[in-house]
Peer 1: 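Below: one structure in C-alpha cells.
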Amino acid sequence: MVDLDFEPRVALASLSGESDAAWAKRAADHAGLAFLGGIAIDEGSRRAAERLVERGRNEFLPEDPFAFVDRQLRALDDVPLEAGVNVRSASRAPIRDVAELCADHDAILEVNAHCRQPELCAAGCGETLLRDAHRLCEYVETAAATGAVVSVKLRAEVPGMSLPETAGWVAAAGADVLHVDAMDSEEVVREIADAVDAFVLANNGVRDAATVTEYLDYGADAVSVGRPSDRPAVLRRVREATDAWFATHETDVAEAGTGG
C-alpha cells in the first residue's frame, strides 16, 4: 500500500466547478487532503461539460486545462494540505500529460470513473469507465507510469458490475488509492478493503461521528466529505470524530500497516 500519511485523515471530494485552490484553502484547518476538479481534459469530455453548463451546472472549462491544473496546484504549494486533481477524459493520452503535472507537484492524479451525468457517460468517461474495466485499467497504467500517485473515484450500485471485483483489477493496474462513493451500500467499503492492497477512502454521507465510525470500522483508511465541504461546522465534526477514532485504534492501525 502506498504510504499516504496525511493528517487529519479527512479528505475533500471534488465538486464540479467549485473545488479549486481557494476552496481547498478555506477547509485546510479540517482536512489533510483535497481533490480539486473535476476537470475535463480532452475534447470529448470538454464538449460534454459544455452541455452540462448549458443546462445549469457549474463546470471548470478553462481555455487550457493543463495550465489551469498547474496554476491551481502552485497555489497550494505553501498550504499544509495534500492535493489531488480529479480529471475526466474520454481518451487516454491526456491522462499521461496531467499525471506528469501531478507528479511534478507531488499531487495525486484521480481518474474520474464516478460521474453519472448522461452527457459525460455518452462521451465515454465518468461512470462509463466502470462498465469498461479494461479501458479504466489502461488509464490507471498510463498515469502510474509517470510516477504519480494514482487514485480512482468509484461509485457503488452500478447495475451489471461488481465494484469489489473492479476495484481489484484497478488496484492491480497500479491504482494507489480507491476513492469509493458507497452510495447506500456502505458495507461495500469493507468488501473492497478486504480485497485490495490499496488506500481506501470512503465517501458518501460523511457528516458526523456515526458515519465516520461506520466507514473506519469497515476498514477505510480515511473518509472524504463531498457536498458539505464548504460548511466548517460539518468539517469540524468529521475531523474530531476521525481524530478520536484513530486515537483509540492507533495500535491496531500500526499493526495492520506492519503486517501489510
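Scope of the values below: all heavy atoms of this structure, side chains included, with no hydrogens, waters or symmetry mates. Numbers here simply count residues along the sequence, with the first being 1.
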Peer 1: Apart from Leu52 itself, what residues make up its hydrophobic cluster, given side-chain heavy atom links below 4.5 Å?
Peer 2: Leu120

Peer 1: Quick one, Leu178 and Val170 - any side-chain contact, counting heavy atoms below 4.5 Å?
Peer 2: yes

Peer 1: Of the options Val149, Leu4, Ile108, which is the one that meets Asp176 in a side chain to side chain contact (heavy atoms under 4.5 Å, CB included)?
Peer 2: Val149

Peer 1: Applying salt bridge (charged side-chain N to carboxylate O under 4.0 Å, His left out), run through Asp243 and Arg239 and close with a yes or a no.
Peer 2: CA-CA 6 Å; Asp243 287 346; Arg239 176 183 180 162; 3.0 Å; yes

Peer 1: Residues in side-chain hydrogen bond (donor to acceptor under 3.5 Å, both in side chains) with Asn86, at least two apart?
Peer 2: Glu110, Asn112

Peer 1: Could you work out, with ring-ring contact (aromatic ring centres under 6.0 Å, His included) as the rule, every residue matching Tyr218, not counting sequence neighbours?
Peer 2: none

Peer 1: The test is side-chain contact (heavy atoms from CB on, under 4.5 Å); show your working for Leu136 and Asp132 and say whether it passes.
Peer 2: CA-CA 6 Å; Leu136 177 56; Asp132 189 355; over 6 Å; no

Peer 1: If a pair satisfies ring pair (Phe, Tyr, Trp, His ring centres under 6.0 Å) and one of its residues is in residues 106-151, list it, with sequence neighbours excluded.
Peer 2: none

Peer 1: Salt-bridge test for Arg88 and Glu59: reply yes if a basic N is under 4.0 Å from a carboxylate O, no otherwise.
Peer 2: yes

Peer 1: Determine whether Ile95 and Val87 make a side-chain contact, defined as any pair of heavy atoms from C-beta on separated by less than 4.5 Å.
Peer 2: yes

Peer 1: By the ring pair (Phe, Tyr, Trp, His ring centres under 6.0 Å) test, which pairs, at least two apart or in different chains, include something from residues 64-91?
Peer 2: Phe60-Phe68

Peer 1: Any salt bridge between Arg74 and Asp70, counting N to O under 4.0 Å?
Peer 2: yes

Peer 1: Tell me which one of Arg227, Arg26, Arg57 satisfies salt bridge (charged side-chain N to carboxylate O under 4.0 Å, His left out) with Glu18.
Peer 2: Arg227

Peer 1: Answer yes when Glu127 and Arg131 have at least one side-chain N-carboxylate O distance shorter than 4.0 Å, and no when they do not.
Peer 2: yes

Peer 1: Begin from the C-alpha positions of Ser224 and Arg9 and carry the test side chain to side chain donor-acceptor pair (under 3.5 Å) through to its verdict.
Peer 2: CA-CA 8 Å; Ser224 82; Arg9 288 290 187 94; over 6 Å; no

Peer 1: Could you note down all residue pairs passing side-chain hydrogen bond (donor to acceptor under 3.5 Å, both in side chains) where residues 156-169 supplies at least one of them, sequence neighbours left out?
Peer 2: Glu157-Ser185

Peer 1: Given side chains that start at C-beta, do those of Arg135 and Thr128 come closer than 4.5 Å, heavy atoms only?
Peer 2: yes

Peer 1: Under 4.0 Å between a side-chain nitrogen and a carboxylate oxygen: does that hold for Arg155 and Asp181?
Peer 2: yes

Peer 1: If you apply the rule side chain to side chain donor-acceptor pair (under 3.5 Å), what do you find for Asp42 with Ser91, and how did you get there?
Peer 2: CA-CA 7 Å; Asp42 76 332; Ser91 53; 2.8 Å; yes

Peer 1: When you check the gap from the basic side-chain N to the acidic O, do Arg55 and Glu119 get nearer than 4.0 Å?
Peer 2: yes

Peer 1: Given side chains that start at C-beta, do those of Trp245 and Asp217 come closer than 4.5 Å, heavy atoms only?
Peer 2: yes

Peer 1: Given the rule in the side-chain contact (heavy atoms from CB on, under 4.5 Å) test, do Arg207 and Val238 qualify, once you have shown the distances and angles that lead to the verdict?
Peer 2: CA-CA 6 Å; Arg207 302 287 188 275; Val238 170; 5.5 Å; no

Peer 1: Going by heavy atoms in the side chains, are Leu154 and Leu163 under 4.5 Å from each other?
Peer 2: yes

Peer 1: Go through it in stages, so that I can follow the logic: the residues are Ser229 and Trp23, the test is side chain to side chain donor-acceptor pair (under 3.5 Å), and I'd like the CA-CA distance, side-chain angles, deciding distance and then a yes or no.
Peer 2: CA-CA 9 Å; Ser229 58; Trp23 160 87; 3.0 Å; yes

Peer 1: Decide side-chain contact (heavy atoms from CB on, under 4.5 Å) for Val188 and Val180; before the verdict, give the C-alpha distance in whole Å, the side-chain angles of both, and the deciding distance to 0.1 Å.
Peer 2: CA-CA 9 Å; Val188 76; Val180 183; 4.3 Å; yes

Peer 1: Salt-bridge test for Glu43 and Arg47: reply yes if a basic N is under 4.0 Å from a carboxylate O, no otherwise.
Peer 2: yes

Peer 1: Should we count CG of Asp78 as having more than 12 external heavy atoms under 6.0 Å?
Peer 2: no

